[in-house]
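In what follows, every heavy atom counts, from backbone to side chain, and hydrogens, waters and symmetry copies are set aside.
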Amino acid sequence: MNRASVAAIILAGGLAGACASHITEVQAGMTESAVIDALGKPDTREIQGRLTELTYERHAVSGWRIRRDDYFVRLNDGKVVAFGPTDQRH
């Protein structure tokens, strides 16, 4: 693996961690625009009636392994009602 590849992996890992560190800024009652200001544009946005779910898909580099750190933010009538890792989504 050349230096450019290693640098790209390290950079991707740093960017992936950005969502994980910023998810702590999300609070119940926040508006969708406030969430996007804090976390950036979501990878997916699904709407079902009054519910909207934003999904942030991130890949984190840990040593030589790449792991997924995906997060969701669920809004009801435009306000956050739930958020966290996608594997804890109910």
Side-chain angles (χ1 to χ4, degrees):
M1 188 176 300
N2 64 33
R3 289 184 194 184
S5 296
V6 172
I9 291 170
I10 291 170
L11 178 60
L15 294 175
C19 182
S21 63
H22 290 125
I23 194 74
T24 58
E25 296 178 21
V26 176
Q27 298 178 16
M30 285 178 75
T31 64
E32 182 173 350
S33 62
V35 170
I36 292 171
D37 286 345
L39 301 181
K41 182 181 173 188
D43 293 295
T44 61
R45 182 175 185 264
E46 296 181 26
I47 301 171
Q48 291 185 353
R50 297 165 66 169
L51 294 176
T52 302
E53 187 161 294
L54 310 176
T55 303
Y56 292 87
E57 300 171 357
R58 302 294 184 251
H59 298 88
V61 177
S62 176
W64 290 105
R65 296 181 316 177
I66 298 175
R67 73 172 198 276
R68 290 184 67 153
D69 286 328
D70 298 347
Y71 293 87
F72 77 96
V73 178
R74 186 173 300 125
L75 303 103
N76 187 2
D77 289 331
K79 304 280 183 167
V80 173
V81 293
F83 60 95
T86 55
D87 61 351
Q88 296 179 8
R89 189 174 10 190
H90 299 292

For this session: Go through the structure and list residues passing salt bridge (Lys or Arg N to Asp or Glu O under 4.0 Å) with Glu32, not counting sequence neighbours.
Result: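 Checked Glu32 against salt bridge (Lys or Arg N to Asp or Glu O under 4.0 Å); matches are Arg45.
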Exercise. Got a sec, which residues hit side chain to side chain contact (heavy atoms under 4.5 Å, CB included) with Glu57, two or more places apart in sequence or on another chain?
Worked result: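 With sequence neighbours excluded, Glu57 shows a side chain to side chain contact (heavy atoms under 4.5 Å, CB included) to Asp43, Thr44, Thr55, Arg68, Asp70, given in chain and number order.
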Problem set entry | side chain to side chain contact (heavy atoms under 4.5 Å, CB included) partners of Arg65, counting only residues at least two apart |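 Side chain to side chain contact (heavy atoms under 4.5 Å, CB included) check on Arg65 returns Ser62.
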Extract all donor-acceptor atom pairs below 3.5 Å that involve side chains of residues 33-40 and protein atoms in other chains or at least two apart in sequence.
residue : atom : partner : partner atom : Å
Ser33   : OG   : Thr31   : OG1          : 3.2

Exercise. Do Asp77 and Arg50 meet the salt-bridge criterion of a basic N to acidic O distance under 4.0 Å?
Worked result: yes
About how many Å separate [atom2] of [Y] and [atom1] of [X], when rounded to the nearest 0.5 Å?
{"X": "Phe83", "Y": "Thr24", "atom1": "CZ", "atom2": "OG1", "result": "9.0 Å"}
{"X": "Glu46", "Y": "Arg74", "atom1": "CD", "atom2": "CZ", "result": "10.5 Å"}
{"X": "Ile47", "Y": "Glu53", "atom1": "CD1", "atom2": "CD", "result": "12.0 Å"}

For this session: Let me know which of Phe72, Tyr71, Tyr56 forms a side-chain contact (heavy atoms from CB on, under 4.5 Å) with Pro42.
Result: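 That would be Tyr56; it is the only one of Phe72, Tyr71, Tyr56 passing the side-chain contact (heavy atoms from CB on, under 4.5 Å) with Pro42.
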